[in-house]
Amino acid sequence: MSSLKAKQGIVHDKNIAGVDAALSAEQLGHIRHIDNLSRQLPNDWSLMQGKGIGQDDFGGLRFQIAYMAYALALTHVHRLPHAPGVFKPIFERLIEKLLMPEVWLYWRDVSRGGSVYNAHLTENYREQWNPVARDNIMYSAYVQSVALLYHYLFGDDRYAQPGALTFEHWSFFWGGEPKRFEYDENSLNENLYWQMVESGYLGVACEPNCVFQICNQPAILGFRMHDLVTGQNVAAEVTRSYEQAWSQLGRLDPTGHYNLLFAQDSLALFPNKPTSAWPDAWCGTLMNMWNREFVRAHYPEQVKDLLTDGPQGTLSVRSSPAREIMGQTIINDTCDFGWVATWASEMGDTATLDGLLTHADHYMNPTWRDGGLYYPRNDSSTDESGNRTVVEPLTGNALLGYARLNVPDGMWKLYNEPWGPAHFTEPALTVVADDIAVSQARFSATSGTLTFRIQRHGDRRGDGSVILGNVADREHWSLTENGVVVATGRAGAPITAGEPFGGAQNIEIEHTENGIKIQLPAGAPRTFHLEVSPPNGDGNE
């Protein structure tokens, strides 16, 4: 491992380059780190353990896995829309991890109540093994939304198959009979919808009796993704009724910050007091997707209360002191800094985002490990000069990468500007070898050209190949590099090699059953342009 500046000498990406530009080394590093974590052996949670115990707080594995998936979704949609082969395998591994018992067994204990918010109701609760049957929206909505994002992004309905989302656990030492709860993306989505309806559209509880505003935003994302793959319109109904219900209850506290939660038994609101960064920032990051005008109207005053100026143009985040309850100091991961960074990225507040990322690069030990970039956990609040140094695994593994990879209104655009059916017929990098990094992949329907930039890394396992899908059946296609024709082809005919010099050196191209396979040696990044005729021979040749 080494610091960012020591190893790469990279000037920090200010996130101002257009989405058509190639990804920076830092952005590629975040993707690689998420990929690396997704490949760890079952129950190897290296670099992911926070300060809390029992997966109770924001250091929980479920949050890290989900926001890594969200970061990848935003990157795929906005920056690499024609490279599904980069993201699909990582998504599958993350979903596999999200279903592991270690991620959801906390619910067996939390479901029994006993917290300060529901201690007076504990006689009404009993131990629940099924982690998605009732309440627990802080887990069930992440499974729902990530699975449905997968379906929408990749046109793959594997998680719609019966039992595709199954929660199961058995222990030789305790627990009795095996626990197995079978769901799929549709049955889970239906369950969450009816819980929302039964609440009067105020939302589903995270823990017994406690409905947090933020924890219901992922479910809304899931409802929208379900609509996009089924043609339904449930999300509009839910958000309309949800907004009406909360307008009556009171979305903001007297200081103008988001109310934290309400108690189901009394409808009592719990304000953001003392003012903490994470309730506003986390909620604003996601709520922008469907309640944009409201979020943006309150953002300037809310964020102003949370930021502090630092040296050399840096910005940091003010955190509230650790709370004391029943004589106990609460030990948890707030992730305030990370949440404000994602919020600023969604708001398109480049000045704030740049200041925060500059602070992170100066004081939070950016580290490269196996080709991936992350900010390692640090429990120390500040350095000797008073600069914020605390980094939680959620912030370092997911949120800062999310912020750097996102674009202004990234969630809003994902939610409101979906891909049409034609997207899935366009040329794309459908399979990408493990030793290939893709920093650009975008098809222009106007010019009929897929531009992609790839690099083979010699220190990673893989065969150095990518497969171009939706190409082989075209009436004509032509691949060029630096103006040199690498190869041409047409449906049903052998590939014709181009000039054996210039950018075409050492490239192997062949037909496979999955598409046109390109194989290249390790070396510097290379940019290719694939020009294709319209599908099915439409248009003039």
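Values in this document were obtained by computation on a predicted structure and should not be read as measured data.
Within 6.0 Å of CD in Q244 there are 12 or fewer heavy atoms belonging to other residues, nucleotides or ligands. More than 12 heavy atoms of other shown residues, nucleotides or ligands fall within 6.0 angstrom of atom CD in E417. Taking a 6.0 Å sphere around CD of E168, one finds it holds more than 12 heavy atoms contributed by other residues, nucleotides or ligands. Other residues, nucleotides and ligands contribute at most 12 non-hydrogen atoms within 6.0 Å of the CD1 atom of I53.
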Candidate pair W278 and W339, rule ring-ring contact (aromatic ring centres under 6.0 Å, His included), full reasoning | CA-CA 6 Å; W278 67 265; W339 287 124; 8.5 Å; no
Chi angles and distances behind the salt bridge (charged side-chain N to carboxylate O under 4.0 Å, His left out) call for E96, R93 = CA-CA 5 Å; E96 182 180 7; R93 292 191 291 269; over 6 Å; no
Working for salt bridge (charged side-chain N to carboxylate O under 4.0 Å, His left out), residues D253 and K273 = CA-CA 9 Å; D253 68 18; K273 184 179 180 180; over 6 Å; no
Before giving the answer on side chain to side chain contact (heavy atoms under 4.5 Å, CB included), spell out for H362 and T314 the whole-Å C-alpha distance, their side-chain angles and the decisive distance to 0.1 Å.
-> CA-CA 9 Å; H362 276 88; T314 62; 4.3 Å; yes
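For the side-chain hydrogen bond (donor to acceptor under 3.5 Å, both in side chains) test, residues two or more places apart in sequence or in another chain that qualify with Y142 are Y67.
For the residue pair N36/D370, the side-chain donor-acceptor check at 3.5 Å is not satisfied. The closest side-chain donor-acceptor pair between E92 and Y159, if any, does not fall under 3.5 angstrom. Q64 and N397 share a side-chain donor-acceptor pair at under 3.5 Å. No side-chain N or O of R108 forms a donor-acceptor pair with one of Q128 less than 3.5 Å apart. Using modelled atom types and a 3.5 Å distance limit, the side chains of T395 and E392 yield a donor-acceptor pair. E185 and H151 form a side-chain donor-acceptor contact under 3.5 Å, judged by distance and modelled atom types alone. With no hydrogens or angles considered, a side-chain donor-acceptor pair links N406 and E346 at under 3.5 Å. A side-chain N or O of Y70 and one of S145 form a donor-acceptor pair less than 3.5 Å apart. Side-chain N/O atoms of E198 and W194 include no donor and acceptor closer than 3.5 Å. Between the side chains of D265 and H120, at least one donor-acceptor pair of N or O atoms lies under 3.5 Å. Between the side chains of T389 and T382, not a single donor N or O lies within less than 3.5 Å of an accepting N or O. Side-chain contact check for N118 and Y125: no donor-acceptor pair (N or O, by modelled atom type) lies under 3.5 Å. Between R369 and H33, the side chains place no donor N or O within less than 3.5 Å of an acceptor N or O (distance only, hydrogens not considered). Checked by atom type, the side-chain pair N291/E243 shows a donor-acceptor distance below 3.5 Å. Between the side chains of W246 and Q248, not a single donor N or O lies within less than 3.5 Å of an accepting N or O.
Contact of the H76 side chain with the V86 side chain is not registered, since no non-hydrogen atoms from C-beta on lie closer than 4.5 Å. A 4.5 Å side-chain heavy-atom check between H298 and L252 finds at least one atom pair inside the cut-off. At a threshold of 4.5 Å between non-hydrogen side-chain atoms, the residues I137 and D135 do not count as touching. N272 places none of its side-chain heavy atoms less than 4.5 Å from the side chain of Y258. Proximity of F167 to K179: side-chain heavy atoms (C-beta onward) are nowhere separated by under 4.5 Å. In this structure the side chain of L94 never reaches within 4.5 angstrom of the side chain of V146, judged on heavy atoms. Using a 4.5 Å heavy-atom threshold, the side chains of I34 and Y374 count as separate.
Separating the CG atom in L61 from the CD atom in Q49 is a distance of 6.5 Å, to the nearest 0.5 Å. Distance CE/M411 to OG1/T285: 9.0 Å, rounded to 0.5 Å. If you take CE on M138 and CG on N216, they are separated by 12.0 Å, rounding to the nearest 0.5 Å. To the nearest 0.5 Å, the span separating CG on D56 from CH2 on W107 amounts to 11.0 Å.
Ring pair Y150/F154: centre-to-centre distance below 6.0 Å. The distance between the ring centers of W290 and Y242 falls below 6.0 angstrom. Here the two rings, on Y117 and F270, have centers that are under 6.0 Å apart. Aromatic ring centroids of W174 and H169 lie under 6.0 Å apart. The aromatic ring centres of W343 and Y299 sit less than 6.0 Å apart.
Sorted by first then second residue, the salt bridge (charged side-chain N to carboxylate O under 4.0 Å, His left out) pairs that include residues 326-337, not counting sequence neighbours, are K51-D333.
With respect to the salt-bridge test (charged N to carboxylate O, under 4.0 angstrom), the residues R296 and D409 qualify.
By the 6.0 Å and 45° rule, R224 does not stack over the aromatic ring of Y152.
The closest donor-acceptor contact from the side chain of S171 to the backbone of F173 lies under 3.5 Å.
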